[in-house]
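Shown next, in structure tokens, is the structure this report addresses.
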Amino acid sequence: MTPAALAELVRTTAADVLSARGVDTSVLPEKVTVERPRNPEHGDYATNLAMQVAKPAGLNPRELAGWLAESLAQRDEITSAEVAGPGFLNLRLAADAQAAIVRDVLTRQAAFGAGELYSGLRVNLEFVSANPTGPIHLGGSRWAAVGDALGRVLTAQGAEVTREYYFNDAGAQIDRFVRSLVATALGEEIPEDGYGGEYIAEIASEVVKSRSDDVLALPAEERDEVFRRVGVGLMFDEIKRSLHEFGTDFDVFFHEDSLHNSGAVAECVQRLKDSGNLYHAEGAWWLRSSEFGDDKDRVVIKSDGAPAYIAGDIAYLRDKSDRGFQLCLYMLGADHHGYVSRLKAAAAAMGQDPDSVEVLIGQLVNLVRHGEPVRMSKRAGTVVTLEDLVEAVGVDAARYSLIRSSVDSAVDIDLDLISKHTNENPVFYVQYAHARLSSLQRNALSLGIDRGDVEAADLALLTHDREGDLIRTLGEFPRVVRSAAELREPHRVARYLEDLASAYHRFYDSCRVLQPGDDQPGPLTIARLQLCEAARQVLANGLSLLGVSAPEQM
RNA sequence: GCCCUCGUAGCUCAGACGGAUAGAGCAAGAGACUUCUAAUCUCUAGGUCGCAGGUUCGAAUCCUGCCGGGGGCGCCA
């Protein structure tokens, strides 16, 4: 019996009990939850329903819990129902009822854990969006890992996710990048506000090599244009390649330029003027963003006539809406949090539902060495890149360590530590569980043991405490995935996998699966093989949501 | 000054919607492999959940005020 089924049973039972006593059942909450108590003495599952309902129903919580217990205890699936503390109801399930979770896993396989929370919802997920003025650094790496995992989690809830990378090729940052390239190619010093690092020299020389003519001999304007087009292209290719190698691929690379060139920006500006949400003052055009929740009004068209950065974003939002996205997610670093209300205000001014724009703010990644913070500087070239990280620890460990913490907390990456103690990354703990399970199935196969169909197995034999723990942990997976999607917090999946791996390792320690010397596997062996396969499947499903591999051997 | 965010074990961090004795990994100490992968397991030690109030049957969680760290408050992008 799955937690969801149990919760439903508790709810219907409560409804029956209440109406039998003449109490209005509207006091029952929409969704009843059962939770796994930390203390095993408190049963397999517990519910606080009686305490929640007691007050509005005008009942004593312990008395109400007692009625519920009496009714629930009559069910075959439930072996005991006890009232505890101020009104908790502690439940124990029959082994065969509980093992329905194993059947569920093995029936649904890769689909186990998936849900329909966002069925058919069209989601635009924008993340990384770093300008191609240099390699992806640590901060960008975090979004690359978390954003991709979030995309997978949302997809598992039925959403149609488009992963999108926006870059601002119309702005001053690119200009600085181009000037740095040109200066390097000419053997001049890099401008004060330019970019340093070896990659600048490499790209500059590649731009020169890409031409049959002498690009440096061209008139300055023409020359710069070549460096811009070719240099940005090369840089972007490199970014795409390192992201791809990191396991993160995008569906759309969106150029800010295209919004200006297509006239989309001008059109949006006109719309805003027509609707009165844009006004002229001090030589510039201002968005009445303060009327839509922002701190102040924002300049959209500067007094020199050039569009401000937000102009592109307004048009971009509009473009996303035109493409039919119902939810636009942005993942930004904490240094951009001031942008949130602006973006929502822009959406509202354009007549869109501001709730369809959701900005996820993640704290920054700090580089630490020997416990001391290290300042990263693009100009000085002391930047740790995605490629450095992958080279130091590999894709799986890098992705996992970036995903497993909440983005609300700033994480410290100590390169010395991470490269020396790679085995301490919990990803290996989880992967090892999967490898062990894979090995187990291989061994069974080589012994000629066929676990057969799960329906034929006697799962009621799985009565050991560790078996029960493992089964109940498997049963948690669907709601973990659901909450990860709902809260946009993929790290929950990682934490869950660590729990699951632990439950499995503990089971493995106590419960022998393959009995040596037994030519004919007993029914317990078969049942345990089914359980093991279910555990392996869920580990694989979870790792897949994180974009981390599930190795068959280690 | 205003806004966002964090503060939990020596370290790195979990604890969504208020629930029972606050957890994990690492680090420290002690144990467990002639048998399915010891990258594992078991045990010990380690805490005024930043501080102070408030809400209530019940607060790490919600509210208020302080303290401390990080970030942001441009006609930059």
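So you know, we letter chains A, B, ... as the sequences are listed, proteins then strands, and number each from 1.
A/Ala84 comes within 4.0 angstrom of a nucleotide base, judged by non-hydrogen atoms across all strands. At the heavy-atom level, A/Gln431 lies nowhere under 4.0 Å from the strands shown. No engagement by A/Val300 is indicated, since no non-hydrogen atom pair under 4.0 Å with the nucleic acid exists. As judged by a 4.0 angstrom heavy-atom cut-off over every strand, A/His336 is placed among the base-contacting residues. Within 4.0 Å (heavy atoms only), A/Arg38 reaches sugar-phosphate atoms of the nucleic acid but no base atom. Residue A/Arg342 is classed as a base contact, given a heavy-atom separation below 4.0 Å to a base. In this structure, A/Asp175 reaches neither bases nor backbone, as no heavy-atom distance under 4.0 Å exists between it and the strands shown. The residue A/Ser406 sits close only to the backbone: its heavy atoms come under 4.0 Å of sugar-phosphate atoms, none of a base. Within 4.0 Å of A/Ser303, counting heavy atoms only, lies at least one base atom of the nucleic acid.
Along RNA chain B, the nucleotide closest to A/Arg492 and the one closest to A/Val411 are compared, and the more 5′ of them pairs with A/Val411. Each of A/Ser405 and A/Leu89 lies near RNA chain B, and the nucleotide nearest A/Ser405 is the one positioned closer to the 5' end.
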N/O contacts under 3.5 Å, protein versus nucleotides 2-4 of chain B?
residue : atom : partner  : partner atom : Å
B/rC3   : O2   : A/His337 : NE2          : 3.3

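Within residues 304-312 of chain A, the residues approaching RNA chain B are A/Tyr309, by heavy-atom distance under 4.0 Å. Sorted by residue number, the members of residues 44-52 of chain A with any non-hydrogen atom under 4.0 Å from RNA chain B read A/Ala46, A/Asn48, A/Met51.
B/rG58 atom C1' lies 15 Å from atom CZ of A/Arg62, rounded to whole Å. The separation between A/Tyr166 atom OH and B/rA77 atom P is 11 Å, rounded to whole Å. Per the geometry, CG belonging to A/Asn131 stands 17 Å off P belonging to B/rC76, to the nearest Å. As rounded to whole Å, 9 Å separates atom P of B/rG19 from atom CZ of A/Phe88. Rounded to whole Å, atom P of B/rG18 lies 14 Å from atom NZ of A/Lys55. The CG-P distance, from A/Asp408 to B/rC13, rounds to 13 Å in whole Å. Computed from coordinates, the A/Asp499 CG to B/rC13 C1' distance equals 13 Å when rounded to whole Å. Residue A/His255 contributes atom NE2, which lies 19 Å from atom P of B/rA77 at whole-angstrom precision.
Listed pair A/His491 / B/rG15 meets the phosphate criterion, a side-chain N or O lying under 4.0 Å from OP1 or OP2. An OP1 or OP2 oxygen of B/rG74 is reached within less than 4.0 angstrom by no side-chain nitrogen or oxygen of A/Lys302. Contact between the side-chain N/O atoms of A/Ser409 and the OP1/OP2 oxygens of B/rU8 is not found at any separation under 4.0 Å.
A donor-acceptor contact under 3.5 Å is not formed by the side chain of A/Asp335 with the base of B/rA77.
Pairing each heavy atom of A/Ala69 with each of A/Val83, the nearest pair is CB-CG2, 4.3 Å. The heavy-atom pair separating A/Leu89 from A/Ala65 by the smallest distance is CD1-O, 3.9 Å.
A/His464 pairs by the ring pair (Phe, Tyr, Trp, His ring centres under 6.0 Å) definition with nothing, not counting sequence neighbours. Shown here are the ring pair (Phe, Tyr, Trp, His ring centres under 6.0 Å) partners of A/His505, two or more places apart in sequence or in another chain: A/Tyr429, A/Tyr432. Qualifying ring pair (Phe, Tyr, Trp, His ring centres under 6.0 Å) partners for A/Phe292, counting only residues two or more places apart in sequence or in other chains: none. With sequence neighbours left out, the side chain to side chain donor-acceptor pair (under 3.5 Å) criterion links A/Trp285 to A/His280. Among residues two or more places apart in sequence or in another chain, the ring pair (Phe, Tyr, Trp, His ring centres under 6.0 Å) test is passed with A/Tyr45 by none.
Sorted by first and then second residue, the salt bridge (charged side-chain N to carboxylate O under 4.0 Å, His left out) pairs involving residues 128-138 of chain A (not counting sequence neighbours) form an empty list.
Here A/Phe253 and A/Phe236 bring their ring centres to under 6.0 angstrom of each other.
A salt bridge links A/Glu358 to A/Arg488: one of the charged nitrogens lies within less than 4.0 Å of a carboxylate oxygen.
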Side chains of residues 472-479 of chain A: which donor-acceptor pairs under 3.5 Å do they make with residues two or more places apart or in other chains?
residue  : atom : partner  : partner atom : Å
A/Arg472 : NH1  : A/Asp44  : OD1          : 3.1
A/Arg472 : NH1  : A/Gln98  : OE1          : 3.0
A/Arg472 : NH2  : A/Asp469 : OD1          : 3.1
A/Thr473 : OG1  : A/Arg36  : NH1          : 3.2
A/Thr473 : OG1  : A/Asp469 : O            : 2.7
A/Glu476 : OE1  : A/Arg479 : NE           : 2.9
A/Glu476 : OE1  : A/Arg479 : NH2          : 3.2
A/Glu476 : OE2  : A/Arg479 : NH2          : 3.0
A/Arg479 : NH1  : A/Val34  : O            : 3.0
A/Arg479 : NH2  : A/Val34  : O            : 3.0

Check the pair A/Phe254 / A/Tyr316 against ring-ring contact (aromatic ring centres under 6.0 Å, His included), numbers first and verdict last. CA-CA 9 Å; A/Phe254 201 99; A/Tyr316 188 27; 4.6 Å; yes
What does the B/S/- profile of nucleotides 33-42 of chain B look like, 5' to 3', with a 4.0 Å heavy-atom cutoff to protein? --BBBSBSSS
Just to be sure I follow the notation: if a pair is Watson-Crick (purine N1 to pyrimidine N3 plus N6-O4 or O6-N4) or a G-U wobble (N1-O2 and O6-N3), each under 3.5 Å, what dot-bracket string does RNA chain B give, with | for pairs to another strand? (((((((..((((.....[...)))).(((((.......))))).....(((((..]....))))))))))))....
